[in-house]
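Okay, structure first, notes after.
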Amino acid sequence: MQKFKTAMKTMGPAKVELPSPKEFLKKHSKEKPLPPKKKFDRNEPKKPPVPLRTDHPVMGIQSEKNFINTNAADVIMGVAKKPKPIYIDKRTGDKHDLETSGLVPKYISKKDYGVTPEYICKRNEEVKKAQEEYDNYIQENLRKAAMKRLSDEERETVLQGLKKNWEEVHKEFQSLSVFIDSVPKKIRKQKLEQEMKQLEHDISVIEKHKIIYIANK
């Protein structure tokens, strides 16, 4: 530890090799070298020679193509060019390409638009198969345990009855006096609170579970 502390007392390593006096920076050593000199020839022509007076251009070449009729036919038979769809997002008239803006619902033109993906269909089949196996397992256990499944009508009737009882108890709880200054009043208030709490628990259990089984007596 003392060794490392001693080594860090100086700026950088304590011992540095000094450069050799022979390896000094020479003058113009960092300048880029010039390209090699080319031999200058005064007689070398710099431009193409001027044509002679006796040289004549090629004359008399004509085309038999009727450009007027050809252009007219191309315009008549050609398909009219559709204007590029744009949109303007500012009052100053700034134009932008509409196709790449994301405002055009291109996804509705896909072949698989509106079709349920294959992996979701497979997952639904697996869930349905697992539910059927679970129902069969429950039915088998119910036969063994002699239990009865509560129908949807009976479940709804029980649920409505519990809610009605809760309303009656809650109404009775609201009719209590503001000042609870006696023991009977305290006992009555605690009893009503326990009944309301139990009814709320039963209602939440029945609403949470759509399938309910009861034991046959």
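Separating the CG atom in N69 from the CD1 atom in I76 is a distance of 9.5 Å, to the nearest 0.5 Å. Rounded to the nearest 0.5 angstrom, S182 OG and R188 CZ are separated by 11.5 Å. I86 contributes atom CD1, which lies 4.5 Å from atom NZ of K95 (distance to the nearest 0.5 angstrom). With rounding to the nearest 0.5 angstrom, the CG atom of L98 is 11.0 Å from the CD1 atom of I88. The CD atom of Q160 sits 9.5 Å away from the CD1 atom of I203 when rounded to the nearest 0.5 Å.
Within 6.0 Å of the CD atom in E44, the count of heavy atoms belonging to other residues, nucleotides or ligands does not exceed 12. Around the CD atom of Q174, the shell of radius 6.0 Å holds more than 12 heavy atoms that belong to other residues, nucleotides or ligands. More than 12 heavy-atom neighbours from other residues, nucleotides or ligands sit within 6.0 angstrom of NZ on K185. For I68, the CD1 atom is loosely surrounded, since the number of other residues' heavy atoms within 6.0 Å does not exceed 12.
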**Worked check of side-chain contact (heavy atoms from CB on, under 4.5 Å) between E99 and K84** = CA-CA 9 Å; E99 294 183 358; K84 190 176 182 180; over 6 Å; no
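Contacts of K65 classified as side chain to side chain contact (heavy atoms under 4.5 Å, CB included), with partners at least two apart in sequence or in another chain: S63, F67, T70.
The two residues C121 and T116 make their nearest non-hydrogen contact at SG-CG2, 3.7 Å.
I187 forms part of a hydrophobic cluster together with V183, judged by ILVMFWY side-chain heavy-atom separations under 4.5 Å.
A side-chain donor from one of D135 and Q131 sits under 3.5 Å from a side-chain acceptor of the other.
Screening residues 92-123 for ring pair (Phe, Tyr, Trp, His ring centres under 6.0 Å) gives Y87-H96, Y107-Y113 as the qualifying pairs, with residues at least two apart or on separate chains. Every pair passing salt bridge (Lys or Arg N to Asp or Glu O under 4.0 Å) that includes a residue from residues 157-171 is listed here, sequence neighbours excluded: K163-E207.
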Throw together a table of side-chain donor-acceptor distances under 3.5 angstrom for residues 192-201, partners on residues two or more places apart or in other chains.
unit_1: Q198; atom_1: NE2; unit_2: D202; atom_2: OD1; d: 3.2
unit_1: E200; atom_1: OE2; unit_2: W166; atom_2: NE1; d: 3.1

For residues 52-62, which side-chain donor-acceptor pairs fall under 3.5 Å, sequence neighbours excluded?
unit_1: D55; atom_1: OD2; unit_2: L52; atom_2: N; d: 3.3

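Between the side chain of R155 and the main chain of I206, a donor-acceptor pair closer than 3.5 Å is present.
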